[in-house]
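Both counts, for ligands and for their atoms, begin at 1 and track the order of listing. Quick caveat, the model's predicted, so the values are computed rather than measured.
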Amino acid sequence: MTLREVIRERIRAAGPLPFAAYAELALYHPDLGYYTRADRRSGRAGDFFTSVDLGPLFGALLASQLGEMWRLLRSTSADKRFDLVEAAAGNGRLARDVLAAAATDDPAFYDAMDLHLVERSGAARDTQVATLGPHACKLASSGSKMPPVVHGAIFANELLDALAPHALAMTADGLREVYVDVDEATGHFVERLGPLSSARVQAHIDGRSIALRPGWRAEIVPDAADWVRHAVSSLARGFLLLIDYGHEASELYSETHASGTLATYRRQRIADAADGVPPPWLVDPGECDITAHVDLTLVRDSAEEAGARTLGVLDQTYFLLGLGATGRVLRDTGEHGVPALRQRLALKSLLVPGGLGSTHKAMIFGKDVGTPALAGCSYRVRATR
Ligand SMILES: C[S@@+](CC[C@H](N)C(=O)[O-])C[C@H]1O[C@@H](n2cnc3c(N)ncnc32)[C@H](O)[C@@H]1O
């Protein structure tokens with residue numbers, strides 16, 4: 001049975017699905033979901049690019065930040081263990097880049113860490129040991145769930161944007177949720193508006209004071225709040241570093257994003273609300289990414305509610321510059337030759353304003369670590385709206 005048929009049957013049996021339930025099946029159905037079926041979805045042969053696809057530079061820069069976090073914890077703790085937890089670890093490429101840099105630049109950090117990879121996709125988990133190669137000996141655990149107690153650092157690149165969003169629409173008659181139904185005449189999926197699907201959705205909207213004007217659409221991701229709270233509560237002591245694209249709530253739920261931010265990626269082509277009817281996310285479930293921009297205010301509030309302190313929220317550009325990105329490129333590859341050119345192009349893509357450099361934000365939280373001046377936060381609050 002295809003995923004399309006599975007979803008159709010569910011709708012016929014139980015009625016229209018809230019968009020979030022549809023997206024959850026499209027992305028994470030245990031056998032047929034977009035992420036479930038493949039060990040990797042990004043890169044030249046994939047559907048979209050992440051910073052990890054630009055080569056080892058991103059991981060090397062993260063390694064320097066994570067190494068600094070290790071030193072800070074070590075200097076103030078009797079517990080010498082350092083758990084390095086990557087969530088949304090995919091096939092382990094970013095962890096491999098982090099470990100490779102640490103092994104060369106900071107062997108004491110490398111020796112001290114235990115690596116834990118958290119990834120929902122079994123196909124991706126199955127390839128992690130091979131991807132890690134000589135660093136597989138550092139892998140203490142790999143699973144779909146966060147280790148129960150973490151003393152160290154949890155980090156994730158582009159996790160929260162991959163969680164299933166609820167879609168909302170404000171009408172003249174009030175707030176409605178978007179459901180997915182089957183048009184019996186054509187057999188195609190169609191959107192229908194209905195009441196809010198759960199008390200959880202209602203509580204999220206009330207708690208966040210999200211006010212939309214008639215005609216606007218928006219997405220909310222209660223799972224993102226739950227994930228952040230859970231990550232912070234898993235931290236006995238240490239840091240949480242999240243990198244993702246998004247906006248503060250005041251921007252996300254404003255006229256600027258009146259059509260919402262839902263989008264699909266397929267073969268490097270983005271399709272969104274501007275693509276009209278049928279909406280791209282209904283065309284081929286399981287064959288493309290479905291994503292929405294992250295509510296940064298929600299992330300920060302959830303982390304703080306769970307007991308963390310916000311240490312910085314800044315554009316990826318300033319985060320990586322704070323970590324010495326330009327000097328590192330010169331040091332690694334010099335000024336001339338093909339490797340130098342490649343590395344500079346990677347750096348440019350990581351920093352470019354309007355691209356990864358400003359759409360992506362680094363959000364850094366600490367639990368029971370005070371307010372250390374981290375290198376990645378040395379540019380302080382430099383966030384493009
Ligand atoms: C957009 S991809 C990013 C992958 C990688 N971090 C990168 O930057 O290339 C999102 C990944 O998050 C994983 N994922 C989604 N929800 C998750 C969860 N709750 N815990 C761990 N991984 C999750 C998906 O399976 C997918 O591999």
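Test Leu347, Asp105, Leu320, Leu323 against Arg328 for side-chain contact (heavy atoms from CB on, under 4.5 Å) and you get one pass: Asp105. For the side-chain contact (heavy atoms from CB on, under 4.5 Å) with Val85, the qualifying choice from Leu235, Val150, Leu117, Leu240 is Val150, the only one to do so.
If you look at Arg93 next to ligand 1, the close heavy atoms, those under 4.0 Å, all belong to the side chain. Counting heavy atoms under 4.0 Å from ligand 1, residue Ala87 does not touch it at all. At a heavy-atom distance under 4.0 Å, no atom of Thr36 approaches ligand 1.
A cation-pi arrangement, defined by a distance under 6.0 Å to the six-membered ring centre and an angle within 45 degrees of its axis, is absent between Arg74 and Phe82. Under a cutoff of 6.0 Å and an axis angle of 45°, Arg120 and Tyr28 form a cation-pi pair.
Counting only heavy atoms of the protein, atom 8 (O) of ligand 1 lies nearest to Asn157 ND2, 2.8 Å. In terms of protein heavy-atom proximity, atom 25 (O) of ligand 1 is closest to Glu119 OE2, 2.5 Å. Regarding atom 19 (N) of ligand 1, its nearest protein heavy-atom neighbour is Trp227 CD1, 3.9 Å. Atom 15 (C) of ligand 1 has as its closest protein heavy atom Tyr28 OH, 3.0 Å. Considering only non-hydrogen protein atoms, atom 11 (C) of ligand 1 sits nearest to Ala88 CB, 3.8 Å.
For ligand 1, the polar-atom distance check finds no N/O of Asp161 at less than 3.5 Å from any of the ligand's N/O atoms. For the pair Thr50 and ligand 1, the shortest N or O to N or O distance falls below 3.5 Å. Not a single N or O atom of Tyr35, backbone or side chain, sits closer than 3.5 Å to an N or O atom of ligand 1.
Of all atoms in ligand 1, numbered sequentially from 1 with element shown, those under 4.0 Å from a heavy atom of Glu158 are 1 (C), 2 (S), 3 (C), 10 (C). Ligand 1 places these atoms under 4.0 Å from at least one heavy atom of Ala162: 10 (C). Remark: ligand 1 atoms within the under-4.0 Å shell around heavy atoms of Val118 are 21 (C), 22 (N). Using a 4.0 Å cut-off to heavy atoms of Val52, the atoms of ligand 1 that qualify are 7 (C), 8 (O), 9 (O). Near Leu163, meaning under 4.0 Å from any of its heavy atoms, are these atoms of ligand 1: 16 (N).
Here Asp114 does not pair with Lys138 in a salt bridge; the nearest charged N to carboxylate O distance is not below 4.0 Å. At a threshold of 4.0 Å, the pair Arg93-Asp53 counts as salt-bridged, since one of the basic side-chain nitrogens sits closer than that to a carboxylate oxygen.
The closest approach between Leu159 and ligand 1 falls below 4.0 Å for a heavy atom of the residue.
Applying the 6.0 Å contact sphere to CZ of Arg37 captures more than 12 heavy atoms from other residues, nucleotides or ligands.
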Next item on the list: For Thr131 and Arg40, run side chain to side chain donor-acceptor pair (under 3.5 Å): C-alpha distance rounded to whole Å, both residues' side-chain angles, the deciding distance at 0.1 Å, then the answer.
Entry: CA-CA 12 Å; Thr131 309; Arg40 177 177 174 184; over 6 Å; no
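Distance check: Leu252 CG to Asp295 CG gives 5.5 Å after rounding to the nearest 0.5 Å.
Residues Val299 and Phe365 have side chains in contact (heavy-atom distance under 4.5 Å, counting atoms from C-beta outward).
Between His135 and Tyr110, the distance separating the two ring centers is shorter than 6.0 angstrom.
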